[in-house]
Amino acid sequence: MEPLQKISGGGAETLKNMPPGSSISIAYHPNFGPHDDLIVLELDEKLIPDVLNERMVLRGQPDEDAVLCTQSKTYAMKFVGTSNSVLLVPPENQSESYENQQKDDINNTDEKVVARILKVVPGSLELIEVSPKLDKLKLLLLENTYRFDENDMEILEENQESRAGLYNWNDLIDNIQASDEELRFGLEALSAVEINGYWRLVDESYMDMILGMLLKNSMLNDWTLNALNEDEVVNMLESDGFPMVLARHCLHVYAKQVKENDGMESCVWKLDEKRVCIHFAREILKGGKRKLESFMEEWRKKTPDEMQPSFDLMEGEVLTEKLGVETWVRAFRVSSLPSTPAERFSILFRERAKWDWKDLQPYIRDLNVPGLSAEGLLLKYTRKTQPSPNQDPVFSAR
């Protein structure tokens, strides 16, 4: 009589440690079934630490395709089916241990390891790095911008009357498909400020008032615009009726820090010439297009004497057009355009059927599509023509 053979269950660890060229028997797990709640995810090796340390999160509303975010990147998830039989073996500590009796031709084997199959996998999810979906962020923050008529300290500190159109950090990460790092970058790019726990955009007219008062105080107090003492600026703006948080925000928006607070002295800031000049240019062009000469004249009057407004600063801010012998300028801000390349190029070619490269570049320079270079974007969305080698290329819609 042949000896009875003992069968032990081999979990995923057993398969992982199998040497090349070896084999193992398989059997159905007692809980074998479709298990639709289990999905196989294929990962790049560099992402494994994020998974093992639970640094990944799924984000997206019920009507959106979910994305997977690490601390710094966003990934779309694509299901890829397979024609091969992929068998899912659970970890050993999740495999129910059982013994069976079975005849075997090999008499000198006392125990046989069998891998127990929990389900047959029809395919897996692949991760594709994508750009964060930040257009929605601006739309949400525009629902309730901070305006001059909110300038009440009690409201500023205890704004509990209504949360309509107000979003704190948790609200934003629930609504925006972006990693934490990308979301913070998006808030900074929009010049958003956290007030009473909610992220807000400040109305441009109100920011104009604060900046104007800062420049006025700099003249009255003989402050140098290259070395503004933060405490002095903030205290003076507070005495003029502006909340402290917005006084500091004004420095963050229009200046660069040149000296940090060392515990003894206040931070020192330098007004950013480009940011200040662009601010006043935007104010002028709110009224519509202007003749270039008239625009430049008013622009020079509005900007501080220490600054030299140059038309080169207006890249990505304005478009020019020839009407007869005169040149006109009008606002056309890259910051107002969508970040999705297809939508961006569609708007650009509705604005102009043909673009010279020097005019087009400022409006696509910020586009960032993982795995696709700037040249690749142009090949995908534009048609390039060049009348002669000495002329700049012209781009039209593909």
Side-chain angles (χ1 to χ4, degrees), residues 73-74 76 128-138 178 182 185-186 188-191 272-282 284-286 288-297 299-300 307-398:
K73 296 185 182 297
T74 301
I128 303 170
E129 186 180 347
V130 295
S131 300
K133 301 181 180 180
L134 295 174
D135 290 343
K136 186 178 179 181
L137 175 62
K138 185 174 183 179
E182 291 166 330
F185 176 81
E188 182 179 350
L190 290 171
S191 297
D272 187 295
E273 184 173 35
K274 181 176 181 179
R275 294 177 187 177
V276 174
C277 288
I278 287 177
H279 169 83
F280 287 113
R282 289 174 177 175
I284 295 169
L285 293 174
K286 279 183 179 180
K289 66 181 181 180
R290 299 282 297 272
K291 290 180 182 180
L292 180 58
E293 295 81 1
S294 171
F295 165 74
M296 292 299 299
E297 182 181 354
W299 193 20
R300 293 189 186 98
M307 298 183 178
Q308 298 298 320
S310 166
F311 199 72
D312 293 339
L313 299 176
M314 301 305 293
E315 273 196 344
E317 290 285 331
V318 298
L319 289 178
T320 58
E321 57 183 325
K322 281 278 190 179
L323 295 177
V325 296
E326 295 178 330
T327 301
W328 291 71
V329 59
R330 60 186 174 87
F332 188 69
R333 293 161 61 173
V334 64
S335 59
S336 67
L337 301 177
S339 60
T340 306
E343 296 178 12
R344 174 78 63 90
F345 280 101
S346 176
I347 291 176
L348 289 175
F349 287 119
R350 284 202 303 270
E351 183 68 29
R352 283 184 179 177
K354 295 182 178 181
W355 287 79
D356 292 332
W357 173 238
K358 63 180 178 61
D359 294 330
L360 178 63
Q361 186 184 24
Y363 291 98
I364 63 171
R365 194 162 39 206
D366 66 314
L367 288 178
N368 180 24
V369 180
L372 192 61
S373 65
E375 292 77 11
L377 278 173
L378 290 172
L379 285 172
K380 185 174 182 179
Y381 294 104
T382 71
R383 192 181 304 277
K384 177 182 175 182
T385 57
Q386 195 165 4
S388 70
N390 297 326
Q391 291 181 285
D392 291 332
V394 176
F395 297 86
S396 56
R398 178 169 289 279

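Side chains of Lys354 and Phe395 form no contact here, defined as non-hydrogen atoms less than 4.5 Å apart. Between Leu367 and Phe345, the closest side-chain pair of non-hydrogen atoms falls below 4.5 Å. You'll find the side chain of Val276 stays beyond 4.5 Å of the side chain of Asp272, heavy atoms only.
We find the CE-CD distance between Met307 and Glu273 to be 6.0 Å, quoted to the nearest 0.5 Å. To the nearest 0.5 Å, the span separating CD1 on Ile278 from CZ on Arg333 amounts to 9.5 Å. To the nearest 0.5 Å, the span separating CZ on Arg300 from CZ on Phe280 amounts to 15.5 Å. To the nearest 0.5 angstrom, Leu360 atom CG is 11.0 Å from Ser396 atom OG.
A search for ring pair (Phe, Tyr, Trp, His ring centres under 6.0 Å) contacts involving Trp328 returns nothing, not counting sequence neighbours. Phe332 pairs by the ring pair (Phe, Tyr, Trp, His ring centres under 6.0 Å) definition with Tyr363, not counting sequence neighbours. Looking at residues two or more places apart in sequence or on another chain, you find no salt bridge (Lys or Arg N to Asp or Glu O under 4.0 Å) involving Lys133. Taking the side-chain hydrogen bond (donor to acceptor under 3.5 Å, both in side chains) definition, one finds that Asp135 meets it with Ser339, sequence neighbours left out. Remark: Ser388 pairs with Gln391 by the side-chain hydrogen bond (donor to acceptor under 3.5 Å, both in side chains) rule, at least two apart or across chains. Contacts of Glu343 classified as salt bridge (Lys or Arg N to Asp or Glu O under 4.0 Å), with partners at least two apart in sequence or in another chain: none. Arg352 is linked by a side-chain hydrogen bond (donor to acceptor under 3.5 Å, both in side chains) to Asp359, counting only residues two or more places apart in sequence or in another chain. A search for side-chain hydrogen bond (donor to acceptor under 3.5 Å, both in side chains) contacts involving Gln386 returns nothing, not counting sequence neighbours. Residues meeting the salt bridge (Lys or Arg N to Asp or Glu O under 4.0 Å) test with Lys138, sequence neighbours left out: none. By the salt bridge (Lys or Arg N to Asp or Glu O under 4.0 Å) test, Asp366 is found to be paired with Arg344, residues two or more places apart in sequence or in another chain being considered.
There is a side-chain donor-acceptor pair under 3.5 Å between Thr74 and Glu182.
The two residues Ala178 and Leu134 make their nearest non-hydrogen contact at CB-CD2, 4.0 Å. Here the closest non-hydrogen pair linking Trp299 and Cys277 is NE1-O, 2.8 Å. Summarising the geometry of Lys289 relative to Arg330, their closest heavy-atom pair is CB-CB, 3.6 Å, with the distance given to 0.1 Å.
Counting only distance, with no hydrogens or angles, the side chain of Trp355 and the backbone of Leu348 share a donor-acceptor pair below 3.5 Å. No donor-acceptor distance shorter than 3.5 angstrom exists from the side chain of Ser294 to the backbone of Lys291, with no hydrogens or angles considered.
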List the atom pairs, donor and acceptor, that lie under 3.5 Å between side-chain atoms in residues 313-324 and the rest of the protein, sequence neighbours left out.
unit_1, atom_1, unit_2, atom_2, d
Glu315, OE1, Arg365, NH2, 3.2
Glu317, OE1, Arg282, NE, 2.9
Glu317, OE2, Arg282, NH2, 2.7
Lys322, NZ, Thr327, OG1, 3.3

Atom pairs and distances, donor-acceptor, side-chain atoms in residues 375-385, under 3.5 Å, two or more places apart:
unit_1, atom_1, unit_2, atom_2, d
Glu375, OE1, Ser373, OG, 3.4
Thr382, OG1, Leu378, O, 2.5
Thr385, OG1, Val394, O, 3.4

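The neighbour count for Phe349 CZ, taken as heavy atoms of other residues, nucleotides or ligands under 6.0 Å away, is above 12.
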